[in-house]
Amino acid sequence: MLPGISKTLYRFLLPIFLCFFLAAASVRAAGQKATRISLPVIFEENQGQVQSEYKFLSKSNGMETLYASSGIDMRIPGRNGQVTGIQMRWLHAGRPAVAAEQPLPGHSNYLVGSDPSRWLRDIPQSAQIRYQQLYPGIDLVFHGAGDSIEHDFQVQPGADPAKISFTLN
């Protein structure tokens with residue numbers, strides 16, 4: 001049994017993992033190339049899954065993206081369990097409101113540990129998030145495109161797109 005997973009959760013997850021393993025094995029046994037399972041991008045409001053500075057998070061292709069008012073942090077897994085971090089910070093921006101848009105029917109659950117009072121349940125999922133008025137007349141929208149994350153700067157008529165600036169670290 002894995003550390004930090006309760007017996008009840010382990011009994012629940014084990015059959016799911018076995019199904020994925022058997023499905024992959026049967027595809028290989030049939031002589032077909034195994035394909036990667038691709039899931040759409042979802043955004044979750046931070047309700048304690050990560051540090052409080054972040055408003056939202058998303059996970060896609062093993063990468064975790066965390067959304068704060070000041071910018072985003074990307075955590076990309078590498079070899080030997082190492083994680084590479086990339087920070088994108090807005091320059092000369094206001095303090096935008098960050099809001100979920102396009103609610104999805106699913107919910108996320110974090111049932112970590114054996115103490116149910118510490119579990120996080122029914123966290124709403126959305127298809128995109130919006131940084132409202134990141135710059136005067138300019139919103140920034142993050143959304144999924146298949147299993148990838150994309151962003152669009154939405155510039156209202158009369159707004160100055162030259163104000164958009166950020167750093168990457």
So do the side chains of [X] and [Y] get within less than 4.5 Å of each other, counting heavy atoms only?
X: I123; Y: H107; value: no
X: M74; Y: I149; value: no
X: Q154; Y: R130; value: yes
X: R121; Y: N109; value: yes

How long is the span from the [atom1] atom in [X] to the [atom2] atom in [Y], to the nearest 0.5 Å?
X: H151; Y: L140; atom1: NE2; atom2: CG; answer: 6.5 Å
X: E44; Y: L104; atom1: CD; atom2: CG; answer: 10.5 Å
X: Q49; Y: Y54; atom1: CD; atom2: OH; answer: 13.0 Å
X: Q128; Y: Q102; atom1: CD; atom2: CD; answer: 4.0 Å
X: I129; Y: E45; atom1: CD1; atom2: CD; answer: 11.0 Å
X: K59; Y: T65; atom1: NZ; atom2: OG1; answer: 11.0 Å

How close do [X] and [Y] get, heavy atom to heavy atom, and via which atoms?
X: L134; Y: P96; value: CD1-CG, 3.6 Å
X: S58; Y: I42; value: CB-O, 3.1 Å
X: Q47; Y: L120; value: O-CD2, 3.5 Å
X: H92; Y: Y135; value: O-CE2, 3.5 Å
X: G137; Y: A159; value: O-CB, 3.6 Å
X: G144; Y: V41; value: CA-CB, 3.8 Å

Determine whether the aromatic ring centres of residues F43 and Y67 are separated by less than 6.0 angstrom. yes
Using modelled atom types and a 3.5 Å cut-off, is there a donor and acceptor pairing between side-chain atoms of [X] and backbone atoms of [Y]?
X: N46; Y: L57; result: no
X: D160; Y: A162; result: yes
X: N80; Y: Q82; result: no
X: W90; Y: S69; result: yes
X: D147; Y: N61; result: no
X: D139; Y: Q133; result: yes

If you group Ile, Leu, Val, Met, Phe, Trp and Tyr by side-chain heavy-atom gaps below 4.5 Å, do [X] and [Y] land in one group?
X: I86; Y: I72; answer: yes
X: F56; Y: Y110; answer: no
X: I164; Y: M88; answer: yes

Applying salt bridge (charged side-chain N to carboxylate O under 4.0 Å, His left out) to E150 and not counting sequence neighbours gives none
Test of understanding: with salt bridge (charged side-chain N to carboxylate O under 4.0 Å, His left out), list the residues that count as partners of R89, not counting sequence neighbours. D73
Look at the rings of F142 and Y131 and say which category their plane angle falls in: under 30° parallel, 30 to 60° tilted, over 60° perpendicular. perpendicular
